[in-house]
Amino acid sequence: MSEERTYDFRTVERALQERWERDGIFVARDDDPREKYYVLEMLPYPSGDLHVGHAKNYTLGDAIARIHRMRGKNVVHPMGWDAFGLPAENAAIQRGIDPETWTRENIENMRRQLRLMGTSYDWTRELASCDPEYYRWNQWFFIRMFEKGLAYKREAPVNWCPVDQTVLANEQVEDGKCWRCGASVERRNLAQWFYKITDYVERLLAGLDRLDGWPERIRTMQRNWIGKSEGVTFSFDVENVEAQIEVFTTRIDTVFGATFVAVAPEHPVVEKIFERFPKSRRRVEEFAATLTSKSELERTQLMEKTGVPTGAYAINPLSRERVPIWVTNYVLAEYGTGAVMGVPAHDERDFDFAKKHALPIAQVITTPDGSLRAPLHEAYVEDGKLIASGEYIGMKSAAARRAIAARLEAMGRGKTTTNYRIRDWLVSRQRYWGTPIPMIVCPADGIVPVPDDQLPVLLPKDVQFTGQGSPLANDPAFMNLTCPKCGGAARRDPDTMDTFVDSSWYYVRYLDPHNAVKPFDDATASAWMPVDQYIGGAEHAVLHLLYARFFYMFMIDEGYVHGDDEPFTRLFNQGILLYNGEKMSKSRGNVVGIDETVDKYGVDAMRLFLLKAAPPEDTLDWTDEGIIGRVRFVQRIWRATEPLTQAARALPLDRLPELRGDAQRELVRALHVALESGKNETETHRFHYNVTTAKLDELINLLTAALREPGAQDDPAVLYTVHALPIVLAPFAPHLADELWSRLGYDRSVHLERWIEPDPVALAVAEITLVVQVNGKVRARLQAAPGIGEDDAFALAMREPTVTAQIDGKQVRKRIFVPDKLLNIVAA
RNA sequence: GGGCACGUGGCGGAAUCGGCAGACGCGCUGGAUUUAGGUUCCAGUGGGGCGACCCAUCCGAGUUCGAGUCUCGGCGUGCCCACCA
């Protein structure tokens, strides 16, 4: 290959990135009259360097943004930084680097790398959550929530990560371990701030039903996390003790099968029982001590069900039976009432427990046909028909549930109840690098919010990082102040906010990012919201995506923004990227960096490979060989089209050229097939650009074949294709496309051009291939005019020896005809 | 243990309103050009058979004129949830 025919991607790519930036062609204007489109990738944590896994995520979002722009939408495509968080603080503790310096340097580097990737972000909207101009609004929202009773402080058993030295929200504990560092989480009783997400459970659930642009599995995960369950709460009397035990059950139809009552060790009734049965105290407290010494992980996962009897008995309000009360390890204090009725015959957990402690098992439900399995080897947990249940014998489970609930209600002993698994969102953290909680504790006035005109409460600089305790609590200059109410001495709340607060509303701030008097202007924000396409990994299914929905509903309710209360109309979950089958990570030392990749192969080749190698929702395995094909592709396009750019400009794009012969039609058709694919993959929200790029390959294969023919330089199909090619290439290989466009003689960027509507005339085929089957097996393929009738097709088919050979000696029983596709002759 | 996906050449993947299985790319084989090539271009590339043909989308049944696609059963892989009463 001669030098001058090589595409110098390094020079071209850098130059074009500078030109796009200088001309501001991706800046979204509020006053643009075209239909808006908001495409957003989840904002990144500035961890240091980007690798090709990040590039997979951002390339998809960028292709979507670019193609929507070309299809006439007013696209907003912003980017920013989830800049608070522990890694910065850990760098401070371990290496003595200021968290802000560390974070800002990473942001600089990652912004450079995102630009290097040729992304079309509107950088005028950039934000970083560690900017005081941003986090002051975290504080402002906190105070608004506090005023509405949606932010509150209370002492509760909370998750404590011993490594990160802070509390965690329930959503941030996975398998009993810290989501960030993997340490086993401990339970501690601490006074903490919560956001009352539980007030929004029904709306969060109802919204999920409408979010048909979300993957079903994410919706299911959120439903499961919210964990709505409907049942009955009712009470047992305790024999000889002045107390009742409330229990919650979804299976009140099994109440006659209760053979014990199980309570959590922390349940208040236990103390009351000790007054009457003092000898039980030691046994129960020893048992409870064995539990608290265990980590949350061991407690919930590894332990078999155990317990100790309290010595007391409860009276079943319906059967009047007397059943023992046990303290157990499998009843959770924080869910329901902290106590359950034990029905071993019809609940797996109660069954295991009863087997272990030799408690009686009383079967009260049979299969729907009335058959009884005895003895039970496992709990029968399905609905069925009631037996041994007093006046309810013979009823079906569903009817019995209604009847018994009504009876308990009439007795004044119970009511139907709805319980949820989700707990309020614990938002305070005992760490430095986050938003200070804007609250003051005054000895006289109690908890007092910082007045709005004193916001932001700035994070102090020069704090000591010991890795122990809340760093802010050790800073007297920060902590001590006068109470805004009474003027007396008071102290600040030393905690900072969960960084998931930052990411709960950033997508609205992008829409009015420089507002100094409000988080954002309601009219400006409402004109852009909701996010039309949100893109990110599935790891945030019940973290960010649940918090953000809650936060947005609050903002809607308060009138800060108007419209539907779901912020993300569509959600696309990207598949992860592997390298030779392994996850890419610094610790494995197998990171494929952006800088090296771009320098070696070029941005467009990288982008094309990431889009082509697999559908975007699939896991993609990065291989060093695979990208070679895209490097070749880029160079092939250059060699084929660049020499013709002068001549090609003469062929207008607003109409099809005059075509003669099949080869020309086929070439132009391939172009329009690619245009149609790009359009369809975008409009159906499938984004399978792996198929669209394959169509581009076919187009280039046809083009290079056409160029071998004599007279190709004057062929209208060739020239038209060369002229149109930058348009169809632009979302995927934006630099190559723009460079070719400028060689065609255009001053304006190709990214400001309109996508060409696929033309039905160009897409039409001159001849169809009709498949002829005999008894379902392909025997011949006929070339025929589109629209050929069944009888004509049959007549043609019967001239094919491979067809007649199969029918010979048989009778044609039936013909199946699919126009322009297939003729199946059934013969026997 | 439960739920949800998924299972196609040596590899990534196409083809899902049931109608040509393997588009496109990587890799591989052969050829041309080249002093040379990690270059470019051309051709070939699921298996079997001399052949007309036969077999083939994890395995096994079924529905159908016709099944990668639908149904049932098994096996395997992935993800999520796992004492929430």
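Note that the structure is predicted; figures quoted are calculated from it, not measured.
Under the side chain to side chain donor-acceptor pair (under 3.5 Å) criterion, A:D599 pairs with A:R10, sequence neighbours left out. Partners of A:N57 under the side chain to side chain donor-acceptor pair (under 3.5 Å) rule, at least two apart in sequence or in another chain, are A:Q574. A:Q783 is linked by a side chain to side chain donor-acceptor pair (under 3.5 Å) to A:E767, A:T769, counting only residues two or more places apart in sequence or in another chain. For the ring pair (Phe, Tyr, Trp, His ring centres under 6.0 Å) test, residues two or more places apart in sequence or in another chain that qualify with A:F687 are A:F572. Under the ring pair (Phe, Tyr, Trp, His ring centres under 6.0 Å) criterion, A:F351 pairs with no residue, sequence neighbours left out. Residues forming a side chain to side chain donor-acceptor pair (under 3.5 Å) with A:E698 (at least two apart in sequence, or on another chain): none. The side chain to side chain contact (heavy atoms under 4.5 Å, CB included) search around A:V542 returns A:M221, A:Q222, A:W225, not counting sequence neighbours.
Across the C1' atoms, B:A21 and B:G47 are found 14 Å apart, a figure rounded to whole Å. B:G38 sits 11 Å from B:C28 when the P atoms are compared, rounded to a whole Å. For B:G73 and B:G2, the P atoms lie 14 Å apart once the distance is rounded to whole Å. Comparing the C1' positions of B:C65 and B:G30 gives a spacing of 43 Å, expressed to the nearest Å. Between B:C55 and B:C11, the two C1' atoms lie 23 Å apart (nearest whole Å).
Listed by first and then second residue, the salt bridge (Lys or Arg N to Asp or Glu O under 4.0 Å) pairs that reach into residues 800-822 of chain A are A:E790-A:R815, A:D791-A:R815, sequence neighbours excluded. Among pairs with a residue in residues 615-638 of chain A, those fulfilling salt bridge (Lys or Arg N to Asp or Glu O under 4.0 Å) read A:R630-A:D697, at least two apart in sequence or across chains.
Between A:H357 and A:F353, the angle of the ring planes lies from 30° to 60°, which puts this pair in the tilted group.
Nucleotide B:G30 is shown with an anti base, its glycosidic torsion being more than 90° from 0.
Judged by atom type and distance alone, A:K305 reaches the base of B:C83 through a side-chain donor-acceptor pair under 3.5 Å.
Pairing of B:C70, defined by two Watson-Crick or G-U wobble distances under 3.5 Å, is identified with B:G62. For B:C11, the paired nucleotide is B:G25, the pair qualifying as Watson-Crick or G-U wobble because both relevant distances are below 3.5 Å. In this structure, B:A5 forms a base pair with B:U77, meeting either the Watson-Crick or the G-U wobble geometry with both donor-acceptor distances under 3.5 Å.
Within residues 248-256 of chain A, the residues approaching RNA chain B are A:F248, A:T249, A:T250, by heavy-atom distance under 4.0 Å.
If you take CG on A:D253 and CG on A:D383, they are separated by 6.0 Å, rounding to the nearest 0.5 Å.
When ring centroids are compared, A:W425 and A:F194 stay outside the 6.0 Å threshold.
The separation between A:R219 atom CZ and B:C81 atom P is 18 Å, rounded to whole Å. At whole-Å resolution of the value, CG in A:N170 and P in B:C83 are 12 Å apart. The distance from atom CD1 of A:I218 to atom P of B:A5 is 14 Å, rounded to the nearest whole Å. Whole-Å rounding puts the A:R815 CZ to B:U64 P distance at 23 Å. The separation between A:L707 atom CG and B:U40 atom P is 17 Å, rounded to whole Å.
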Please tabulate the protein-to-nucleotide N/O contacts below 3.5 Å involving nucleotides 52-58 of chain B, giving atom names and distances.
from	atom 1	to	atom 2	distance (Å)
B:C54	OP1	A:R779	NH2	3.1
B:C54	OP2	A:R779	NH1	3.1

Would you give a per-nucleotide map of nucleotides 10-32 of chain B, 5' to 3', where B means the base has a protein non-hydrogen atom under 4.0 Å away, S means only the sugar-phosphate does, and - means neither?
-> --SSS----BBS-BBSSS-----
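Of the two residues near RNA chain B, A:T220 and A:N419, the one whose nearest nucleotide lies more 5' is A:T220.
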